[in-house]
Amino acid sequence: MTKLALSFFQRKDVEKISRELLGKVLVTRWNGELTSGRIVETEAYKGTQDRASHAYRGRTPRTEVMFGPGGRAYVYLCYGIHQMFNIVTNEEDIPHAILIRAVEPIEGIDIMLKRTGKKSPDYTLTRGPGNVGKAFGFHTSQCGHLLTSDELFIADDGFNITKSMIGTSPRIGVDYAGEDAALHYRFFIKGNPYVSGKKN
DNA sequence: CGACCGATCGTCT
DNA sequence: GACGATCGGTCGA
């Protein structure tokens, strides 16, 4: 189990990082409550040139974190209900980010059940960005949190992902983004039951 | 199945 | 004042 360093997130190719995050382990330990899971679905958002990105309209109080250096969390509220967890990448002033859309639970499933109010674990526990946010205890107050801390980090546990295991598609829910809506910026592990959408 | 609807509130116009 | 990078439930075929 090796914690990913800041240099991993501060590289320039968001698509590449989005692919490499598949198979890595997301860990949160808020107030000592440990939850972890394998990342199985990601989406890249390419900053000011990407109409689907919040950063497209430039720097605002909300998007400020994305303009900082990579390796921090961008957590925002969606539909007034869902806490969406993103990883900021690239260097300062280039607001790239990666949305974690689905995870396969590993540790702390009891805690996830408590947070989500579900009675027993099923594939919906950590499927979709809203559910990931809830199960891992994310909140907009954690926006800007460093991704190499003891409370929040990404790790490599040696799990190997080959190119043929990765599927791509347009991103979900970004139809308003014009031509950018068609870009294949969504990446997922083919056949994994936690991946959102109908048939992967 | 697929279509639709309500929840719920911060953010930007 | 309108609108989401969503989810889960309901309704009808």
Side-chain angles (χ1 to χ4, degrees), chain A residues 9 14-15 17-19 21-22 26 37 39-68 70 72-90 94-105 112-145 147 154 167-189 192-200:
Chain A
F9 306 107
V14 237
E15 291 178 64
I17 301 172
S18 299
R19 288 172 179 277
L21 280 173
L22 295 176
L26 168 65
I39 297 168
V40 299
E41 183 181 356
T42 60
E43 271 180 8
Y45 287 85
K46 237 172 193 171
T48 53
Q49 64 175 84
D50 178 2
R51 290 177 68 180
S53 172
H54 292 161
Y56 177 68
R57 295 174 196 291
R59 203 182 278 253
T60 68
R62 180 175 62 150
T63 62
E64 184 66 30
V65 206
M66 281 197 277
F67 286 84
R72 291 184 184 270
Y74 168 48
V75 185
Y76 73 92
L77 185 64
C78 187
Y79 291 98
I81 302 171
H82 306 292
Q83 312 287 331
M84 311 280 266
F85 168 60
N86 296 248
I87 291 170
V88 177
T89 68
N90 215 307
I94 304 183
H96 288 181
I98 299 168
L99 172 66
I100 304 302
R101 289 195 55 90
V103 162
E104 178 176 328
M112 296 183 193
L113 288 172
K114 188 186 70 182
R115 286 174 180 155
T116 57
K118 293 181 195 290
K119 297 187 177 80
S120 58
D122 60 20
Y123 296 136
T124 69
L125 185 61
T126 51
R127 163 191 265 180
N131 290 328
V132 170
K134 215 189 278 180
F136 280 78
F138 280 105
H139 187 266
T140 52
S141 61
Q142 293 148 350
C143 198
H145 203 289
L147 285 169
I154 313 286
T168 70
S169 83
R171 292 167 292 185
I172 293 178
V174 298
D175 301 335
Y176 59 84
E179 300 171 5
D180 292 337
L183 297 169
H184 279 230
Y185 282 180
R186 172 170 174 258
F187 307 93
F188 54 91
I189 297 179
N192 187 288
Y194 288 91
V195 173
S196 67
K198 301 166 198 168
K199 221 186 166 188
N200 275 2

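In what follows, chains carry the letters A, B, and so on, assigned in the order in which the sequence lines appear, proteins first and then strands, with residues in each chain numbered from 1.
Side chain of A:Gln83 to main chain of A:Thr140: a donor-acceptor pair is present (N/O by atom type, distance under 3.5 Å, no hydrogens or angles). Side chain of A:Thr116 to main chain of A:Lys134: no donor-acceptor pair is present (N/O by atom type, distance under 3.5 Å, no hydrogens or angles). Between the side chain of A:His82 and the backbone N or O of A:Met84, no donor-acceptor pair lies under 3.5 Å.
For the contact set between residues 46-62 of chain A and DNA chain B, defined by any heavy atom under 4.0 Å, the members are A:Thr60, A:Pro61, A:Arg62.
Across all their heavy atoms, A:Cys143 and A:Val65 have their closest contact at SG-CG2, 3.3 Å.
Counting non-hydrogen atoms under 4.0 angstrom, A:Ile81 reaches a base of the nucleic acid. When heavy atoms are screened at a 4.0 angstrom cut-off, A:Gly80 is found touching base atoms of the nucleic acid. Among the atoms of the strands shown, base atoms are found under 4.0 Å from some heavy atom of A:Asn86.
Here A:Met66 contributes atom CE and A:Tyr74 contributes atom OH; the two are 4.0 Å apart, rounded to the nearest 0.5 Å.
In this structure, A:His96 atom NE2 and C:dA5 atom C1' are separated by 16 Å, rounded to whole Å. C:dC3 atom P lies 15 Å from atom CG of A:Asp175, rounded to whole Å. A:His82 places its NE2 atom 6 Å from the P atom of C:dC7, with the value rounded to the nearest Å. Here C:dG8 presents its P atom at 16 Å from OH of A:Tyr123, a figure rounded to the nearest Å.
The shortest distance between the side-chain N/O atoms of A:Lys118 and the OP1/OP2 oxygens of C:dG8 is below 4.0 Å. The shortest distance between the side-chain N/O atoms of A:Tyr176 and the OP1/OP2 oxygens of C:dA5 is below 4.0 Å.
One donor-acceptor pair, N or O on each side, does fall under 3.5 Å between the base of C:dA5 and the side chain of A:Tyr76.
Both key distances under 3.5 Å define a Watson-Crick or G-U pair, and stretches of 3 or more such consecutive pairs in DNA chain C run B:1-7 with C:6-12, B:9-12 with C:1-4.
In this structure, the nucleotide among C:dA5, B:dT8, C:dC7 sitting nearest to the side chain of A:Tyr45 is C:dA5. Residue A:Tyr74 has its side chain nearest to C:dA5 when only C:dG8, C:dA5, B:dT8 are considered.
Applying side chain to side chain contact (heavy atoms under 4.5 Å, CB included) to A:Thr42 and the options A:Ile17, A:Ile87, A:Ile100 leaves one that passes, A:Ile100.
Below 30°, between 30° and 60°, or above 60°: for A:Phe138 and A:Phe85 the angle between ring planes is below 30°, a parallel geometry.
Counting non-hydrogen atoms of neighbouring residues, nucleotides and ligands closer than 6.0 angstrom, the CZ atom of A:Phe67 exceeds 12 such neighbours.
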Would A:Ser196 and A:Arg186 satisfy side chain to side chain contact (heavy atoms under 4.5 Å, CB included), going step by step from the backbone distance to the final call? CA-CA 11 Å; A:Ser196 67; A:Arg186 172 170 174 258; 4.0 Å; yes
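Of the two residues contacting DNA chain C, namely A:Thr124 and A:Leu99, the nearest-nucleotide position lying further toward the 5' end is that of A:Leu99.
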